[in-house]
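Reading through the structure tokens given below for one structure.
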Protein chains: 2
Amino acid sequence: MSPQRRARQKVTVTADLVILTIRADRLNVLLVERANEPFAGKPALPGGFLRGRESLDETAARELAEETGMDAARLHLEQIGVYSDPDRDPRDPRVITCAYLAIAPDLPLPTAGSDARAARWVPVAEAERVRLAFDHGDILRDGVELARDKLQFTTVATAFCGDEFTIGDLRAVYEAVWGVALDKPNFHRKVTDADGFVVATGGKRPTAGGRPAALYRAGGATVLSPPMMRSRRTGE
Amino acid sequence: MSPQRRARQKVTVTADLVILTIRADRLNVLLVERANEPFAGKPALPGGFLRGRESLDETAARELAEETGMDAARLHLEQIGVYSDPDRDPRDPRVITCAYLAIAPDLPLPTAGSDARAARWVPVAEAERVRLAFDHGDILRDGVELARDKLQFTTVATAFCGDEFTIGDLRAVYEAVWGVALDKPNFHRKVTDADGFVVATGGKRPTAGGRPAALYRAGGATVLSPPMMRSRRTGE
DNA sequence: AGAATAGTGTCTGTAAGACAGTATTTG
DNA sequence: CAAATACTGTCTTACAGACACTATTCT
């Protein structure tokens, strides 16, 4: 009357990270080079094992801090999903991973210190063509797709920017993540009209020979209503 | 140079299910009574342990079949997320669960056969007030919230209906899940105009003293564009 | 002045919401 | 016929997209 006990088995769990940022107007992802087998020397998403009494959210936050030096508390970090195919690790059918999406401003990578194993930013378009370790190719695709969706309905786009940013910076985020050009005037109006998306700081940032752009900070809202539509009829 | 080996630890993994259906115009969830400690005798979400060489998706599908007799291949089944707080199981800090959302038409529960431990449908409003085992209260809330969101942007609402349904049936789904009244004429037009949401079968279903309703089947589309808006300005 | 970038005004088409009205059935 | 339910038409308002135009800086 307790078949669970027979069926119960223990597995190893990791948290892997899809850390996205915008560099030179392109969406980039942080990749590392694997130090150990399997897939030693191959590009992979950063990640690590669940430890001690951690939750997986804590594992992800810790790995994020170790890989990038970023404070996870100030970044957007959310689950993508669990990957548990028994064939995903060629050596152990019972290693599952919980993938996380992290969104970061373009910060310099502290290649020194910590666990950083040749971590580098790679344009997503490029990373998606490369063969990554394990099922990290699938995870990357899912993570990017999640980010694209989130931009539509939430205000996370601000997580790609620093504390202060211009509307143009924010538009560059949407254009990089979606890979489309947006109408500047309409974007400006939409963002500034949306409730709690951005708040003006009063400051201005000079531009290369042009009217200086007003600076903004992220507003309190997390859901974006009405959503930023990813062209319905203009056919993606 | 390999601190992973030290940190690596094994955990037990379960898949828990938030199985939703519409009964008597209300959103219901399937709850079971726990047979074993911890929380023996308490209401809980159905679920079970990852076995053999299964993926978690397969575990969820198997449990769904065992609990309800439903064929998972014909139902909507998707991940909600992972719950890994070390305090979620009072007896073992290393039991994590992957929660799944299942959407089912209102089928009779095969209380006979299989593993069915006093499984019963409970209105969600009621289930959310009851204290469930483990963190199943959180999982239920997240699952219901996910279902509400999914109704906006996808065509999953049809998964609540049988093979053939009327526009009124489909509207009842939205009204039950969102807990709001929708305008009948506008809903009808919106659904029938949306591309690939529903397709008319040509059949009709008589109603209690009224014009018979046309019957539809689910269309091929999975994303709903434009989305079914959950009242922007009419204040939720 | 001219170039460059930021931001506003205005017009048009589409879609949502309100709701009046029509269609098809039962009793 | 009345009652009931399904469905259609139409009007109003809001928003997306296009794009002409104004504003503010640098050289």
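Atoms considered below: every heavy atom in the structure, side chains included; atoms not considered: hydrogens, waters and symmetry mates. Chain identifiers are assigned alphabetically (A, B, ...) following the order of the sequence lines, protein sequences preceding nucleic acid strands; residue numbering begins at 1 within each chain.
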Would you call [X] and [Y] a salt bridge, taking side-chain N to carboxylate O under 4.0 Å as the test?
X        : Y        : answer
B:Arg205 : B:Glu164 : no
A:Arg141 : A:Glu145 : no
A:Arg62  : A:Glu58  : no
B:Asp163 : B:Arg74  : yes

Rounding to an integer number of Å, can you tell me how far [X] [atom1] sits from [N] [atom2]?
X        : N      : atom1 : atom2 : answer
B:Asp193 : D:dG9  : CG    : P     : 11 Å
A:Met229 : C:dA15 : CE    : P     : 11 Å
A:Leu224 : D:dC15 : CG    : P     : 12 Å
B:Asp183 : C:dC19 : CG    : P     : 9 Å

Partner of B:Ile22 under side chain to side chain contact (heavy atoms under 4.5 Å, CB included), chosen from B:Asp169, B:Val177, B:Asn28: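 Of the listed options, the one satisfying the test is B:Val177.
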Around A:Arg26, counting heavy atoms of other residues, nucleotides and ligands shown, do more than 12 lie under 6.0 Å from its CZ? no
Go through [range] and report each residue with a non-hydrogen atom lying under 4.0 Å from DNA chain D, sorted by number.
range                       : result
residues 201-219 of chain A : A:Gly209, A:Gly210, A:Arg211, A:Pro212
residues 147-171 of chain B : none
residues 185-192 of chain B : B:Pro185, B:His188, B:Arg189

Would you say B:Tyr83 and B:Asp16 are linked by a side-chain donor-acceptor pair, where the criterion is simply a distance under 3.5 Å?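 There is no such pair (donor and acceptor under 3.5 Å, judged by atom type) between the side chains of B:Asp16 and B:Tyr83.
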Please verify the inter-ring angle class for A:His136 with A:Phe134; under 30° counts as parallel, over 60° as perpendicular, anything in between as tilted.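 Tilted.
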Ring center gap for A:Phe165 and A:Tyr216 short of 6.0 angstrom: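 Centroid separation for A:Phe165 and A:Tyr216: 6.0 Å or greater.
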Report yes if the side chains of A:Gln79 and B:Val82 come closer than 4.5 Å at any heavy-atom pair, otherwise no. yes
